[in-house]
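Here's the structure we're looking at; comments come further down.
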Amino acid sequence: MHDHDGARDEGAPDDGVDPPGWGPPPVRPLPLRLSLVVPTLAFLPLWWVVWLLLAAFFLCLAPFAQLVVHLMPRTENGAVRLLDATLGRVPFLPLWCVTPVALVREGDTAYYRARVERRIARRTRRVATATHAREHHRELDLGVHHFRGAGAGHVLRVARPRGWDLHPVLRSHPRRRLRLRHDGRPRPGDTA
């Protein structure tokens, strides 16, 4: 895991070379992907029910957490990390699941790179046009299914020039999920 306490991540790529763990994960062979379709279709609805129950539980707990944070403002980062350590550990789409895109396109680096670039460009436009009330647009959570063929290093190389960087509070793991946060500063061409 990579903790981010305001400092840059030691393992994050800064140049065109991906350190170990930041490149694309190995491509799963087609027979394996095909064999995972049925378990994905059978297990995923149950997984989503559990995920929604956990989310509802934490939604019910949220007013109490807000009260504690309101009374003791210094606990805010701890409350965010507690939520991240619980619900954040349960991905909405498990790593082993096979999406239709992964079934057809896994291993197609150009497709995944274009997909990452489109997603970051779209979110950057939302940040540039968002009002202060819509600050949630400044956070971007990318599961590995979004960048499997491109790698986490490519995501950061595309995102950093547009004002995105690893989230300072929430944890990222280059093989599972990247949490990015926009610095909020407009850049030329962000609204284009």
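- Residue Arg176 holds its CZ atom at 16.0 Å from CG of Leu142, rounded to the nearest 0.5 Å.
- Between Arg148 atom CZ and Thr99 atom OG1 the span is 8.0 Å, to the nearest 0.5 Å.
- Under a hydrophobic-cluster definition in which Ile, Leu, Val, Met, Phe, Trp and Tyr are linked whenever side-chain heavy atoms come within less than 4.5 Å, directly or via other members, Leu95 and Val38 are assigned to different clusters.
- Of the inter-residue distances, the one linking Arg160 atom CZ with Asp183 atom CG reads 12.0 Å to the nearest 0.5 angstrom.
- Checked against salt bridge (charged side-chain N to carboxylate O under 4.0 Å, His left out), Asp108 has the following partners two or more places apart in sequence or in another chain: Arg105.
- Sequence neighbours left out, the pairs with a member in residues 67-94 that pass ring pair (Phe, Tyr, Trp, His ring centres under 6.0 Å) are Trp48-Phe92, Trp51-Phe92.
- Between the side chain of Arg177 and the backbone N or O of Gly143, no donor-acceptor pair lies under 3.5 Å.
- You'll find the side chain of Trp47 reaches within 4.5 Å of the side chain of Pro91, heavy atoms only.
- For the pair Pro94 and Leu44, the minimum side-chain heavy-atom distance is below 4.5 Å.
- Of the inter-residue distances, the one linking Leu166 atom CG with Arg171 atom CZ reads 13.5 Å to the nearest 0.5 angstrom.
- Here Leu46 sits alone; no ILVMFWY side chain lies under 4.5 Å from its own, so it joins no hydrophobic cluster.
- Under the side-chain hydrogen bond (donor to acceptor under 3.5 Å, both in side chains) criterion, Arg175 pairs with no residue, sequence neighbours left out.
- Arg162 contributes atom CZ, which lies 8.5 Å from atom CZ of Arg125 (distance to the nearest 0.5 angstrom).
- With sequence neighbours excluded, no residue forms a side-chain hydrogen bond (donor to acceptor under 3.5 Å, both in side chains) with Arg115.
- In this structure, His173 NE2 and Leu178 CG are separated by 10.5 Å, a value rounded to the nearest 0.5 Å.
- Cluster note: Leu59 groups with no other residue, as no ILVMFWY side-chain heavy atom lies under 4.5 Å from it.
- Without hydrogens or angle criteria, Arg179 side chain to Asp141 main chain gives no donor-acceptor distance under 3.5 Å.
- Under the side-chain hydrogen bond (donor to acceptor under 3.5 Å, both in side chains) criterion, Gln66 pairs with no residue, sequence neighbours left out.
- Checking side-chain atoms of Thr109 against main-chain N and O of Ala150 turns up no donor-acceptor pair under 3.5 Å.
- For residues 107-127, no residue pair satisfies the ring pair (Phe, Tyr, Trp, His ring centres under 6.0 Å) rule, not counting sequence neighbours.
- Val104 and Val101 fall into different hydrophobic clusters, where Ile, Leu, Val, Met, Phe, Trp and Tyr are joined by side-chain heavy atoms under 4.5 Å apart, directly or via other members.
- Residues His154 and Glu117 are in side-chain contact: their nearest non-hydrogen atoms beyond the backbone lie under 4.5 Å apart.
- Nearest heavy atom pair, residue Leu156 against residue Pro161, reads O-CD, 4.4 Å.
- Residues satisfying the ring-ring contact (aromatic ring centres under 6.0 Å, His included) test with Phe58, not counting sequence neighbours, are none.
- Scanning for side chain to side chain contact (heavy atoms under 4.5 Å, CB included) contacts around His145 gives Leu93, with sequence neighbours left out.
- Salt-bridge check for Asp165 with Arg181: failed, with every basic side-chain N at 4.0 Å or more from each acidic carboxylate O.
- Residues Val155 and Trp164 form no side-chain contact, since every pair of their non-hydrogen atoms from C-beta on lies 4.5 Å or further apart.
- A donor-acceptor distance shorter than 3.5 angstrom exists from the side chain of Thr40 to the backbone of Val98, with no hydrogens or angles considered.
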Taking distance alone, no hydrogens or angles, what donor-acceptor pairs closer than 3.5 Å link side-chain atoms of residues 28-37 to residues at least two apart or in another chain?
unit_1	atom_1	unit_2	atom_2	d
Arg28	NE	Glu106	OE1	3.2
Arg28	NE	Glu106	OE2	3.3
Arg28	NH1	Trp96	O	3.3
Arg28	NH2	Glu106	OE1	2.9
Arg33	NE	Arg28	O	2.9
Arg33	NH1	Ala102	O	3.1
Arg33	NH1	Leu103	O	3.1
Arg33	NH2	Arg28	O	3.4
Ser35	OG	Pro31	O	3.4
Ser35	OG	Leu32	O	2.7

